[in-house]
Amino acid sequence: MVIDTLLPKLSRWAIVLVCLLQGILVYLFRGEQSDSWLVIHPAVVIYGQTLSFVLPTILAFSIVRITDSLLWRNLAICSIVALGLATWFHWNMAGLVSYSQKDRIAGPYYLCLGLILYMAMPWLQTRIKNKQWIGGYSCIYDYFWWNTLTLIFTLTMMGVFWGILRLGAELFGLVDIYFFQDLFFRNDFVMHTVNGFIIGIGILTCRMQIQLTKLARNVLSAIVKGFLPLLSGVALLFIITLPFIGLNTLSGAWSAAGLLTTVVFLLTLSVSVVYQSGLKEKPYPTPLRMIVNGSLLVLPAYALLAIYSVWLRIVQYGWTPFRVWGLLIVLMATAAACCYAFAVIRSRKSWLKPLGAINKSLLLVGLALLILVNTPLLDPYRISVNGQMARYTHGVIEADDLDLVMLRFDNGRRGEDALRRLQNAPDYHHNSQFKLRLENVMSKTHRWEAANEIHGSPEAVPEVTIQQIQQNVSLANGTSIPDESWWHAVLRNSQMDIHICLREEESCVVASLDLNTDGDEEYLLCHLPGILDISCYVFTLIADEWHNIGYTYFPPSHVTNERFAQALRAGEINVRQKEWGDLDVDGEKVHIYYPSLERQ
């Protein structure tokens, strides 16, 4: 490794102290739950969280001499970028009052922030070491290894530390001494401060023990080198088999793009590790090297199949933030696949000679994409909302097919604005079911909230009769009509908004199943909304009264929504046995949660 091991004493102290300060700042800016005087405005929380995450991390990982002007220039540049990203994040969060809405925006933002730091840090470290931005690939690669191993070591250290404290707290709890539980596990200030201190010690340890880090790197490189031919062989075998199977099965699986993209990234990452493992000669015998090279040559096929799979979903169901992210990741995988195939074609005497320059370019492109998706240029929420509204405006989908829950809870401020615009649409005034659905969604504070939870009492929503429910709920094949008491239980159920069964004809189906093998039938009531997630509720008879004891929300993996609906209506749903069973459709498990039983 080319990383410096000599750190002045002042710099060593600075690493620990700045991480300790980071823990305190994270505590102070921990959000709306905080009682700190600093939380005056949500913008204070956002800017505070962003800067307290970015600046101490950069300082701890890259400091050599505290007087180095390049260190402070790096911090200034990163501060400007971080403030710009935080400003756009704050704009997207403006006006949101629901934690469920905020979490769907905050999660991707902070994940992006972490990835941006991870990808930019080697460039910042190389600049300090070499006094220039454009360093050699070997130096950047070394810093990537060191940063990764530092993260692994620090997280392991934190896990062991808190595990020991938990063990001690539980031991003292046996004798009714709860001081340590209160101190370490119920005191946010202590938890954040201790975490900051451990992170500082972990970073300092890795910076001072380069030989141990190098040893860990060599061991991991040897493991990757051993498994790369196997991974390459699997990749080649799949491509050879695919023409005999066809693309129909591939297009029917919603997880296909994720699996194909994973193969691309695993192969490119593994090849990068082997390529830069310090070997002076070609790493494998000719037959194995041909398998590896062959797998790299077919990587563009994997990437194109992944693009096809993602684009098929976009054409069918429109844009969502998740699909925007998915397409960008797949496009990045396509660029990597094509570049690695090009490296194989251009290599003659030396194995994958252009790979160093290729990896540097790909890192910069990936870093640029991560920054752009947090700006107006590639804002996934703008693309998602505009795409869904355009489908509705141009008549591709009807008002009843709009995914209002996705617009409200997955798209931040833009989704809220779109729902308000829908209140001026003709369908809002002429379609009573759409109007009711829109008003219910606008009233919710979390995705699965039922109508009576929103309004506080059943009288606050339009009254539904048992006769209406019976007319709109279909019976699965082989299921007899439930008794009157079951319909009353459905009407009283607080977990399910029964109005969803009235908005679309035959969208709700009830099937009888013996889920606990006691000889008595339970009832499974499912809402089948077509392109949206399926929801099911389990009712059983307890002390002569029907109770809702289980539920499940899911998008099927291999079994499509249409196939699940077909199997349910035909009475082809099976039970996967346990004390209370899961469902089984064509061999795929659909897990049911039984919270009321788990509390007993």
Side-chain angles (χ1 to χ4, degrees), residues 88-89 92 100-101 103-112 115 247 249-265 302-337 365-366 368-394 396-398 401-419 422 441 447 529-534 553-562:
W88 186 244
F89 172 55
N92 272 323
S100 182
Q101 291 174 295
D103 289 345
R104 301 291 287 192
I105 308 298
Y109 170 73
Y110 288 112
L111 177 61
C112 276
L115 290 174
L247 297 179
T249 303
L250 194 65
S251 61
W254 75 275
S255 59
L259 290 174
L260 294 167
T261 306
T262 300
V263 172
V264 174
F265 282 125
Y302 275 88
L304 292 175
L305 288 173
I307 290 178
Y308 167 75
S309 181
V310 173
W311 192 252
L312 189 63
R313 295 291 173 182
I314 294 171
V315 171
Q316 289 175 329
Y317 307 125
W319 289 101
T320 64
F322 181 79
R323 293 189 187 114
V324 175
W325 280 104
L327 184 61
L328 290 176
I329 292 172
V330 169
L331 289 176
M332 189 67 201
T334 304
V365 171
L369 278 178
L370 285 170
I371 293 175
L372 289 176
V373 293
N374 289 281
T375 68
L377 295 176
L378 283 180
D379 182 17
Y381 310 111
R382 172 181 58 82
I383 296 172
S384 172
V385 171
N386 289 350
Q388 292 292 339
M389 295 300 289
R391 284 164 60 85
Y392 168 64
T393 303
H394 296 140
V396 178
I397 57 175
E398 301 295 331
D401 297 324
L402 275 170
D403 191 348
L404 303 181
V405 174
M406 184 273 294
L407 288 174
R408 175 164 172 77
F409 292 104
D410 294 352
N411 290 276
R413 173 177 177 173
R414 293 184 183 276
E416 286 279 289
D417 293 341
L419 292 179
L422 285 173
V441 168
R447 182 182 297 268
I531 65 174
L532 308 181
D533 292 354
I534 293 171
Y553 305 106
F554 64 98
S557 299
H558 303 291
V559 178
T560 63
N561 283 22
E562 293 78 10

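- Put simply, CG on Leu111 and CG on Leu370 are 8.5 Å apart, with the number rounded to the nearest 0.5 Å.
- Distance alone, capped at 3.5 Å, is enough to place a donor-acceptor pair between the Thr375 side chain and the Leu372 backbone.
- Side chains of Ser384 and Met406 form a contact here, defined as non-hydrogen atoms less than 4.5 Å apart.
- The shortest side-chain heavy-atom distance between Asp103 and Phe409 does not fall under the 4.5 Å cut-off.
- Not counting sequence neighbours, the partners of Ala333 by the side chain to side chain contact (heavy atoms under 4.5 Å, CB included) test are Thr261, Val264, Phe265.
- Put simply, CG on Leu305 and OG1 on Thr334 are 10.0 Å apart, with the number rounded to the nearest 0.5 Å.
- Looking at every heavy atom in both residues, Leu369 comes nearest to Leu378 through CD2-CD1, 3.9 Å.
- Arg391 and Asp401 are not joined by a salt bridge, as no carboxylate oxygen comes within less than 4.0 angstrom of a charged side-chain nitrogen.
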Q) Can you list the steps and then say if Tyr381 with Ile105 is a side chain to side chain contact (heavy atoms under 4.5 Å, CB included)? A) CA-CA 9 Å; Tyr381 310 111; Ile105 308 298; 3.5 Å; yes
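- The nearest pair of heavy atoms linking Ala306 to Leu260 is N-CD1, 3.7 Å.
- Here the CG-OG distance, from Leu259 to Ser309, works out to 9.5 Å after rounding to the nearest 0.5 Å.
- Counting only heavy atoms from C-beta outward, the side chains of Leu422 and Tyr392 approach each other to under 4.5 Å.
- In this view, Thr320 satisfies the side chain to side chain donor-acceptor pair (under 3.5 Å) rule with no residue, not counting sequence neighbours.
- A distance of 14.5 Å separates CZ in Arg313 from CH2 in Trp319, rounded to the nearest 0.5 Å.
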Apply side chain to side chain contact (heavy atoms under 4.5 Å, CB included) to the pair Asp379 and Arg414, showing each step before the final yes or no. CA-CA 10 Å; Asp379 182 17; Arg414 293 184 183 276; 2.9 Å; yes
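- Once rounded to the nearest 0.5 Å, the distance linking CD of Gln316 with CZ of Arg323 reads 8.5 Å.
- A distance-only check finds a donor-acceptor pair linking the side chain of Arg382 to the backbone of Pro376 [under 3.5 Å].
- Leu407 CG to Leu402 CG: the interatomic distance, rounded to the nearest 0.5 Å, is 6.5 Å.
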Exercise. Report the C-alpha separation of Asp403 and Gln388 in whole Å, then their side-chain angles, then the decisive distance to 0.1 Å, and conclude whether the side chain to side chain contact (heavy atoms under 4.5 Å, CB included) test is met.
Key: CA-CA 8 Å; Asp403 191 348; Gln388 292 292 339; 5.6 Å; no
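- Using cut-offs of 30° and 60° for the angle between ring planes, the Tyr109 and Phe89 rings count as parallel.
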For a side chain to side chain contact (heavy atoms under 4.5 Å, CB included) check, start with the C-alpha distance between Val330 and Trp311, then their side-chain angles and the critical distance, and finish with the verdict.
CA-CA 10 Å; Val330 169; Trp311 192 252; over 6 Å; no
